[in-house]
Amino acid sequence: MIDNGGLDIRSKSALFIQFMAWIILFDHPACHGALGLMIMGGGLHMGLSLKQMFSKLIPLTPLFIMIMVFTGFNSGAGFIHPENQAPLITLWPGGVLTRGGLMLGATFMLRLVNMVVLTQILLASTPLDEFINLFVKLRLSPALSFLITTAIRFVPALDQKRTLIITAQRARGVDLDEGNWFRQFKNRVTIMIPLMVNAIVIADQLSMALMNRGFGYRKTWTPMTRLRFRTVDYFILVFSLVSLVSALVIRYQGPIGNLLSI
Amino acid sequence: MSPLPLFHTGWFMPENWSKNGQSMGKALDLSQVSFKYKGTDTFALVDVSWSLAPGECAVIMGPSASGKTTLCRCLNGLIPQALEGTLTGDIVVAGKDVSFFRTQTLAKDVGFVMQDPEAQIVGRTVFEDLAFGPRNLLVPAREIAQKIPEVLSLVGLAGYENRSAADLSGGEKQRLAIAGILAMEPSILILDEPASELDPAGRADLYFHLDRLRQLKKLTLVIVEQKIEGIQAMVDRVLVLEKGRVISQGRPEDLKHLWAQPGIRPGIPNRHTDSPPRDTPACLEVNHLDFGYTPETLVLKDINLSVFPWDFTALMGHNGAGKTTLVKHLNGLIPCGAGTILFEGKDINRFKIKALARSVGFIFQNPDHQIFETSVEKEIAFGLANMGCSKDEIARTVDETLEKTGLESFRSRHPFTLGKGMRQMIAVAAIVALNPRVLVVDEPTTGLDAAGSSLIMDLIQGLHANGTAILLITHDLSLAARYASRLVVMGQGEILLDDHMEKGLGKTDVLQRAGLLPDSSDFSPAKAGALHD
């Protein structure tokens, strides 16, 4: 079992929001690198392995490479610092690799990585029940709350199905990586159609299973745990608020904001 | 369906109310029930009348598409409350007319465990999952917390509260699904083929717990099953359906003559009994294969296995013995690490995916993982086209395969408009068309009736007669004894037994250890034969 650090879901959400604010507001890759280290450290502290945190990112590797390449050849006109506009390599007229372009590419990549890992940590360290309790506190209806949390559960179930379908298609000779991009796209149709059919079947069975278990019997249900604030939660709330305000001030009011831009 | 909208909530209905007042004292009572799903022309149930007393155990049997699952859905109110269609007749369950109560309200009295346990598990941990039902019924949290250990011990999962639901074995998930329903304390429990994916020992264990529950809690049990062997002692009533109609009902001892009918029990065995010639070189050789999904736990330990042309081998073992992991190595679905696998003397790591797929075919349990084309003939043609066959060759092979499999009249139909048995047949046909040298078949008959199973197995036997080596994974000892000439038994990642079928069936200690026979059984080859009679 993963230790959730004993934090209340509300303080976890506050931490999540302030990290997201830093991730979205700033463009400098060093800033994202530092955020990434903090997030990773938090994940390790909560008992997650590096594999648990980063395994979901492996399929996105080609996307990361494309981001780096395409953004690297950015014209550079929008960069604040002149040294970032200077061309490093010119491959063809207009095809200029700039330092700023590479930095922006790294920023986009790290931003995605940080967002995915942060979400992964939140989901892995928080029981569904706590999410539902939070939604109830936010006065969302239990049905809507359960819809959201079931969706969170539905994705891993579908992912398992995807693995089974890929195995079945490979067994009949479908090589997903064979041929040019059009051929590869065509090969993926053999995965997509069974996946869609299975998604409908899973959804249909899940809805019947929920009714069998009395879901919707009344407009409310029994809360199993109460949200409870401890001292550390107050500290984290204050920290998150200060951090959020600092992020906004630094970004829009002052010289450090420029330093954290490209 | 309801005359008064308020009745849907169940608030204004007295507990033992029924329209005709005849159902008092009966656990369930169906009177002239017919049902047709919306958008279909044929009735799924026709004029079904049936009743059961409280505390009785009934088994519903019949071939595929005979209406078994539809009847279960009627009993817990999914029909007519959630699934649209035309319903006539009266259905009164636990004193409530299902037309007037929502499924959620009926769930207090009627629990329904569906066929696929995975689809019913909604919690991340066992505790979360078990609490879900009672929470919906507004049972106080303290009561739920007290009830869960009790329910877990009833299904043999004591101490599992904090286990991750995803990490449970197939049998444990099945028992968790049952526990999830029991936690709501219904008086009637309906189970749709609860043991279809369990090994024989797991099946015996499940029914032991169900029988105990019935005695302890005075539960009324309604169980959909393809076979009644091993559970006759606990069954009070049997209902046999065919094409939606009740063709027979009564006590199990009065209906013994029905077990041998096609569609209810397998027919007379017609196994090819010749010993495989071992003078020819093996087409597949596995040498010292070790494998683990994690470095700490080996799933396969020093596996040595040779598959010869003309072999018809049954690969058996308990759930989690490593059978599927082993066969996935044979056509490169899991790369071979420690050890070697040779196909006709060549390391399979040197084969391309396509070439290996043509040499070592693989039929999976669930046809819906592979079907994607818009017609039956295109689905069969896909593998051939993917292998680079010419148009003429594809057309000729598709025609031959359609004829051989009896799918000719469905050639232009969309596969997903056909039933599961038919889709399984299409999946088999698509692999048969490739004419592989070795064919691995993983539980091809799960969820199919005896007639559907025979159709699939006869097709595989036909391929074997043409020289293809067959490796059949199954939990069904009688199916294996009927078709296979060689028995390989796995347990805890090791090969425990590799022998001719007749000799293998005599080694009851190994079969028991591998979960293929319940512990108490005094199984013998003679009894294996008797299973077919």
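Chain identifiers are assigned alphabetically (A, B, ...) following the order of the sequence lines, protein sequences preceding nucleic acid strands; residue numbering begins at 1 within each chain.
- For B/Val139, the part lying under 4.5 angstrom from a heavy atom of chain A is the backbone only.
- Taking CZ from B/Phe416 and CD1 from A/Ile200, the interatomic distance works out to 9.5 Å, rounded to the nearest 0.5 Å.
- Looking at B/Phe127, only its side chain comes within 4.5 Å of chain A, counting heavy atoms on both sides.
- Most heavy-atom pairs under 4.5 Å with chain A, from the set B/Val360, B/Ile431, B/Ile353: that is B/Ile353.
- Of all non-hydrogen atoms in A/Asn212 and B/Leu78, the two that sit nearest each other are OD1-CD1, 3.9 Å.
- Only the side chain of B/Lys328 comes within contact range of chain A, judged by heavy atoms closer than 4.5 Å.
- Heavy atoms of B/Glu379 lying under 4.5 Å from chain A belong to its backbone as well as its side chain.
- Contact annotation for B/Leu330: neither backbone nor side-chain heavy atoms come within less than 4.5 Å of a heavy atom of chain A.
- Contacts between B/Phe112 and chain A at a heavy-atom distance below 4.5 Å involve backbone atoms as well as side-chain atoms.
- Annotation: maximal heavy-atom pairing with chain B below 4.5 Å, among A/Gln169, A/Met224, A/Lys161, occurs at A/Met224.
- Residue B/Leu333 holds its CG atom at 11.5 Å from CD1 of A/Ile166, rounded to the nearest 0.5 Å.
- The number of heavy atoms from other shown groups lying within 6.0 Å of CZ (A/Arg10) is above 12.
- More than 12 heavy-atom neighbours from other residues, nucleotides or ligands sit within 6.0 angstrom of CD on A/Gln184.
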Evaluation steps, side chain to side chain contact (heavy atoms under 4.5 Å, CB included), between B/Arg73 and A/Met208 | CA-CA 10 Å; B/Arg73 289 169 173 174; A/Met208 281 196 270; 3.5 Å; yes
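- Proximity to chain A (any heavy atom under 4.5 Å) is shown, for B/Asp442, by neither the backbone nor the side chain.
- For the options B/Ile181, B/Asn331, B/Leu137, heavy-atom pairs under 4.5 Å to chain A are most numerous at B/Leu137.
- Nearest approach of A/Gly214 to B/Asn136, heavy atoms of both residues: O-CB, 3.1 Å.
- Between B/Val122 and A/Phe215, every side-chain heavy-atom pair lies at or beyond the 4.5 Å cut-off.
- Considering only heavy-atom pairs separated by less than 4.5 Å from chain B, the leading option among A/Val189, A/Thr190, A/Asn198, A/Ile193 is A/Thr190.
- Looking at B/Arg102, its side chain does come within 3.5 Å of a backbone N or O of A/Tyr217 through a donor-acceptor pair.
- For A/Phe182, the CZ atom is loosely surrounded, since the number of other residues' heavy atoms within 6.0 Å does not exceed 12.
- Formation of a donor-acceptor pair under 3.5 Å by the B/Arg135 side chain with backbone atoms of A/Thr222 is found in this model.
- Minimum heavy-atom separation, B/Ala357 to A/Ala171: CB-O, 3.3 Å.
- Heavy-atom contacts from other residues, nucleotides or ligands closer than 6.0 Å to CZ of A/Phe235 number 12 or fewer.
- B/Asn386 contributes atom CG, which lies 9.0 Å from atom CG of A/Asp175 (distance to the nearest 0.5 angstrom).
- Looking only at distances, no side-chain donor or acceptor of A/Arg213 sits under 3.5 Å from a matching main-chain atom of B/Met184.
- In this structure, the portion of B/Ala430 lying under 4.5 Å from any heavy atom of chain A is its side chain and not its backbone.
- Considering every non-hydrogen atom in both A/Ala168 and B/Phe364, the closest pair reads CA-CE1, 3.5 Å.
- When all heavy atoms of A/Pro223 and B/Ala141 are compared, the closest pair comes out as O-CB, 3.7 Å.
- Summarising the geometry, atom NE2 belonging to B/His369 is positioned 9.5 Å from atom CG belonging to A/Leu195; distances are rounded to the nearest 0.5 Å.
- Heavy atoms closer than 4.5 Å to chain A are found in the side chain of B/Leu83, but not in its backbone.
- Proximity of a side-chain donor or acceptor of A/Arg172 to a complementary backbone N or O of B/Gln370 within less than 3.5 Å is detected.
- Chain A forms the most heavy-atom pairs under 4.5 Å with one residue out of B/Ala427, B/Gly383, B/Gly180, and that residue is B/Gly180.
- Looking at B/Pro140, only its backbone comes within 4.5 Å of chain A, counting heavy atoms on both sides.
- Contacts of B/Asp368 with chain A are made by both backbone and side-chain atoms, with heavy-atom separations under 4.5 Å.
- If you measure heavy-atom distances from A/Val174 to chain B, the contacts under 4.5 Å come from both the backbone and the side chain.
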